[in-house]
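Every value quoted in this text rests on a predicted model; they were computed, and no experiment measured them. Order of the sequence lines fixes the chain letters, A, B, ..., with proteins taken first and strands second; residue numbering starts at 1 for each chain.
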Amino acid sequence: MEEDAGALPKKQDFSEWYNELLWRAEIMDVRYPVKGLYVWYPYGFAIRRFVYDRLRQLLDRDHKEALFPLLIPEQEFMKEAEHIKGFEDEVYWVTHGGTTPLDVKLALRPTSETAIYPMFALWVRSHADLPLKIYQVVNTFRYETKQTRPLIRLREITSFMESHTVHATWDEAEAQVESEIALSQEFYKSLCIPIVISKRPDWDKFPGADYTIAIDTIMPNGRTLQIGTVHHLGDHFSRTFSIQYEDKNGEQQIAYQTCYGISERCIAALISVHGDDKGLVLPPAVATLQAVIVPITIGKRRDDVLAAADKLKSDLESSGFRVKLDTRDMRPGAKYYWWELRGVPLRLELGPRDLDAGKAMAVKRTGEKTSIRLANAAEDTTRVLAEVADALRAKAEDGMKEHLCSVASMEQLNGALNDGKVAVVHWCQDRACGDKIEEQANSSILGTNVRSPYVQESDGPCVICGKPGKATLVGRTY
RNA sequence: GGGGUAGUAGGGUAGCCUGGUCCAUCCUAGAGCGUUUGGGACGCUUUGACGGCGGUUCGAAUCCGCCCUACCCCA
């Protein structure tokens with residue numbers, strides 16, 4: 001009877017679970033009265049901070065962070081034809097300054113190529129200026145017409161990390177694409193989120209790119225979520241914006257570019273992949289609090305227990321852990337549920353019995369109970385948190401494996417998709433066949449050149465026309 | 001993009017057709033006090049709302065118009 005008191009919807013009912021969890025764990029408040037815009041609660045914002053700190057840490061190894069304006073003048077925005085076509089339906093325009101109509105409309109950036117590249121044209125003079133690698137973390141605006149969802153489909157993307165690079169040659173830019181893919185892999189590894197990488201079909205590449213490599217993860221309901229993209233821009237934008245450099249022979253050469261983006265969808269994935277029926281489960285690397293200490297204070301031992309808990313807290317803090325001592329006037333059980341909902345990876349319970357044994361009970365958010373020695377608290381906590389991360393990663397990888405399968409016919413494809421899976425089929429790469437696959441299976445072609453430990457690259461007959469085809473990832477997407 | 005349904009306190013509902021004791025109700029919500037505390041404690045007290053703007057009217061949660069927002073179905 002107590003069981004349903006305050007319980008979340010089951011994770012099986014993913015959509016309900018997701019919305020309720022965002023609210024209950026105080027990540028996003030969806031009640032802001034503009035469609036597609038949501039409010040970050042302090043707790044959610046703290047998670048965001050740790051996640052983006054990690055991302056910055058990786059980028060800072062060879063990129064510089066900068067900040068470009070939100071508003072883009074119409075004539076710059078309109079310069080690259082393919083790019084406009086891709087975005088024109090979803091751009092917000094600023095048309096007035098006060099009550100005065102503007103001579104030149106200003107776009108709220110849906111992405112920043114056209115804000116950044118005119119400046120790159122000024123910055124890049126000689127081969128010595130290359131490669132140029134810049135990133136920024138900003139909000140962007142897209143007038144989405146499909147159903148909006150917090151962290152997933154937004155009209156204001158609040159946390160768009162976009163990286164833009166300039167290189168002397170196409171090949172160097174391609175090498176940069178690979179290095180950005182590697183960076184993504186490292187980033188998602190620290191979030192314990194399994195990913196699958198593929199090359200998007202031509203009709204789905206970034207408007208104005210030579211090709212697009214996408215990073216997807218699979219949500220618990222089997223729909224895929226694109227959580228990163230890397231684009232080889234070739235020389236499309238550099239020609240349009242005149243980004244050229246003087247080579248060693250004193251001749252002007254056109255530059256080549258890449259760009260790369262990750263948004264708060266990475267946090268949607270973090271929540272969805274790891275969360276369970278009790279709430280959030282945060283990987284230790286990005287957890288707002290890595291451990292919470294719950295003192296069990298009864299009768300006259302109260303002061304002893306509190307003193308020991310306080311010492312445990314400062315020991316852990318001085319070793320760099322993010323720790324909270326929960327001394328609120330609540331029953332211990334209520335505190336357990338509270339912190340489980342909020343995803344704290346480790347709970348340390350300290351009561352008279354533990355004190356006598358010189359230990360604290362350590363309960364992992366992933367399930368198992370163990371203990372840490374009070375005299376070696378930092379050492380033991382390091383170990384236990386590493387175990388939590390390993391368990392999370394293993395569980396998430398299992399989930400990914402279960403959601404992937406290979407099929408050889410449209411009938412099987414439909415069956416697999418209806419079963420909540422993402423499937424590998426063979427496809428001849430012809431647009432007409434691609435359209436048929438998407439229509440007949442009510443799905444999307446994610447891409448070819450699939451990189452995943454669970455997918456074998458292979459050739460086989462196209463599921464539509466029977467001509468030779470390549471392994472292609474097909475799924476239902478967010 | 002097309003169609004439909006709906007917005008009442010922290011959350012969930014009733015009331016609306018037929019305008020007036022409507023100070024409504026439930027809870028896992030909030031605030032206060034007390035007793036409690038090794039897996040969601042209990043008692044008492046209490047706060048708080050009719051999505052927004054405008055109209056009709058002596059009087060609007062209720063009728064009319066516009067807007068915003070949410071959800072569902074179809075493309």
Side-chain angles (χ1 to χ4, degrees), chain A residues 1-10 13-39 41-43 88-90 92 142-156 276-280 292-306 308-309 312 325-344 346-372 374 435 438-444 476-477:
Chain A
M1 140 186 158
E2 301 297 342
E3 187 170 297
D4 64 342
L8 276 175
K10 297 284 179 203
D13 308 321
F14 176 69
S15 205
E16 260 181 78
W17 173 89
Y18 180 78
N19 288 326
E20 188 75 14
L21 179 56
L22 288 182
W23 157 247
R24 298 263 295 269
E26 297 179 292
I27 298 164
M28 305 298 292
D29 194 332
V30 302
R31 295 174 298 179
Y32 191 77
V34 178
K35 182 182 168 67
L37 313 198
Y38 307 94
V39 177
Y41 279 113
Y43 190 73
E88 63 186 350
D89 289 339
E90 33 187 86
Y92 281 92
R142 296 181 189 179
Y143 188 76
E144 293 286 352
T145 50
K146 288 189 193 165
Q147 168 139 22
T148 53
R149 290 173 198 279
L151 301 178
I152 292 177
R153 190 173 296 282
L154 307 154
R155 285 188 171 176
E156 180 189 5
D276 63 18
D277 288 349
K278 288 181 173 174
L280 280 184
V292 61
I293 302 166
V294 179
I296 310 297
T297 49
I298 310 168
K300 56 185 184 301
R301 305 285 305 269
R302 184 187 162 84
D303 291 345
D304 290 349
V305 168
L306 280 178
L312 176 58
L325 172 58
D326 186 353
T327 54
R328 289 175 302 168
D329 183 21
M330 288 164 68
R331 297 168 75 95
K335 291 180 185 175
Y336 302 164
Y337 282 97
W338 171 277
W339 293 113
E340 280 166 357
L341 175 64
R342 286 163 179 75
V344 178
L346 185 63
R347 180 175 76 238
L348 300 171
E349 301 173 22
L350 189 60
R353 292 203 299 264
D354 309 296
L355 203 53
D356 293 340
K359 294 179 173 179
M361 167 92 80
V363 183
K364 300 179 196 171
R365 183 60 182 79
T366 43
E368 311 88 324
K369 290 186 182 178
T370 173
S371 62
I372 63 161
L374 293 177
D435 286 346
E438 294 196 336
E439 273 166 40
Q440 292 175 21
N442 185 26
S443 63
S444 300
R476 298 199 171 132
T477 63

How about [X] and [Y]: do any of their side-chain heavy atoms sit closer than 4.5 Å?
X         : Y         : value
Asp356(A) : Arg301(A) : yes
Thr327(A) : Thr297(A) : no
Trp23(A)  : Asp29(A)  : yes
Trp339(A) : Val363(A) : no
Leu374(A) : Leu350(A) : yes
Pro352(A) : Val305(A) : yes
Leu151(A) : Tyr38(A)  : no
Gln147(A) : Arg153(A) : no

Within this structure, what is the [atom1]-to-[atom2] distance between [X] and [N], rounded to whole angstrom?
X         : N       : atom1 : atom2 : result
Arg302(A) : rU37(B) : CZ    : P     : 12 Å
Trp339(A) : rG40(B) : CH2   : P     : 19 Å
Leu37(A)  : rC68(B) : CG    : C1'   : 13 Å
Leu21(A)  : rG11(B) : CG    : C1'   : 17 Å
Tyr337(A) : rG40(B) : OH    : C1'   : 6 Å
Ile296(A) : rG39(B) : CD1   : C1'   : 9 Å
Met330(A) : rC42(B) : CE    : P     : 13 Å

Tell me if a side-chain donor or acceptor on Asp354(A) pairs with a main-chain N or O of Gly351(A) at a distance below 3.5 Å. yes
Determine whether a donor-acceptor pair (N or O, by modelled atom type, separation under 3.5 Å) exists between the side chain of Arg347(A) and the backbone of Arg365(A). no
Please list, pair by pair, any protein nitrogen or oxygen found under 3.5 Å from a nitrogen or oxygen in nucleotides 6-10 of chain B.
| residue | atom | partner | partner atom | Å |
| --- | --- | --- | --- | --- |
| rG10(B) | O3' | Arg31(A) | NH1 | 3.2 |

What interatomic distance, in whole Å, is found between [atom1] of [M] and the corresponding atom of [N]?
N       : M       : atom1 : value
rG52(B) : rC68(B) : P     : 15 Å
rC16(B) : rG54(B) : P     : 27 Å
rA6(B)  : rC63(B) : P     : 11 Å
rU47(B) : rA29(B) : C1'   : 12 Å
rG48(B) : rC74(B) : C1'   : 41 Å
rC22(B) : rA60(B) : C1'   : 12 Å
rC17(B) : rA70(B) : P     : 28 Å
rA61(B) : rC23(B) : C1'   : 15 Å

Heavy atoms only: give me the nearest [X]-[Y] pair and the separation to one decimal.
X         : Y         : result
Leu280(A) : Tyr43(A)  : CD1-CE2, 4.1 Å
Ala441(A) : Arg476(A) : O-NH2, 2.9 Å
Leu21(A)  : Gly279(A) : CD1-CA, 3.7 Å

Is a salt bridge present between Asp276(A) and Lys278(A), judged by a nitrogen-to-oxygen distance below 4.0 Å? no
Non-neighbouring partners of Tyr92(A) that pass ring-ring contact (aromatic ring centres under 6.0 Å, His included), sequence neighbours left out: Tyr143(A)
Please work out the stems of RNA chain B from pairs that are Watson-Crick or G-U wobble with both distances under 3.5 Å, keeping only runs of three or more consecutive pairs. B:1-7 with B:68-74, B:10-13 with B:24-27, B:30-35 with B:41-46, B:51-55 with B:63-67
Applying salt bridge (charged side-chain N to carboxylate O under 4.0 Å, His left out) to Lys35(A) and not counting sequence neighbours gives none
Sequence neighbours left out, what passes salt bridge (charged side-chain N to carboxylate O under 4.0 Å, His left out) with Lys364(A)? Give chain and number order. Glu387(A)
As an exercise, state the distance from CZ of Arg328(A) to CH2 of Trp338(A), rounded to the nearest 0.5 Å. 5.0 Å
Shorter than 3.5 Å, N or O on both sides, protein versus nucleotides 2-5 of chain B: list them out with atom names.
none

Just wondering, more than 12 heavy atoms not from Lys335(A) lying within 6.0 Å of its NZ? yes
Does the salt bridge (charged side-chain N to carboxylate O under 4.0 Å, His left out) test come out yes or no for Lys10(A) and Asp277(A), once each step is laid out? CA-CA 5 Å; Lys10(A) 297 284 179 203; Asp277(A) 288 349; 3.8 Å; yes
Which of residues 348-363 of chain A have a heavy atom under 4.0 Å from RNA chain B? Glu349(A), Gly351(A), Pro352(A), Arg353(A), Asp354(A)
Does Arg328(A) reach a base, just sugar-phosphate, or nothing at all? Heavy atoms under 4.0 Å. nothing
Sugar-phosphate only, base, or nothing, as touched by Glu340(A) at under 4.0 Å among non-hydrogen atoms: base
Write out all pairs satisfying side-chain hydrogen bond (donor to acceptor under 3.5 Å, both in side chains) with one or both partners inside residues 13-22 of chain A, taking only residues at least two apart or from two chains. Glu20(A)-Arg24(A)
Hey, which of these two, Trp338(A) or Thr297(A), hits RNA chain B nearer its 5' end, going by closest nucleotide? Thr297(A)
According to side-chain contact (heavy atoms from CB on, under 4.5 Å), who are the partners of Asp435(A), at least two apart in sequence or on a separate chain? Arg431(A), Glu439(A)
Got a list of protein N/O to nucleotides 31-36 of chain B N/O distances below 3.5 Å?
| residue | atom | partner | partner atom | Å |
| --- | --- | --- | --- | --- |
| rU36(B) | O4 | Asp329(A) | OD1 | 2.5 |
| rU36(B) | O4 | Asp329(A) | OD2 | 2.8 |

In 5'-to-3' order, the base (B), backbone-only (S) or no-contact (-) status of each nucleotide in nucleotides 69-75 of chain B, using a 4.0 angstrom heavy-atom cut-off, is SSSS---
Dump the pairs, protein N or O against N or O of nucleotides 48-52 of chain B, anything under 3.5 Å, distances to one decimal.
none

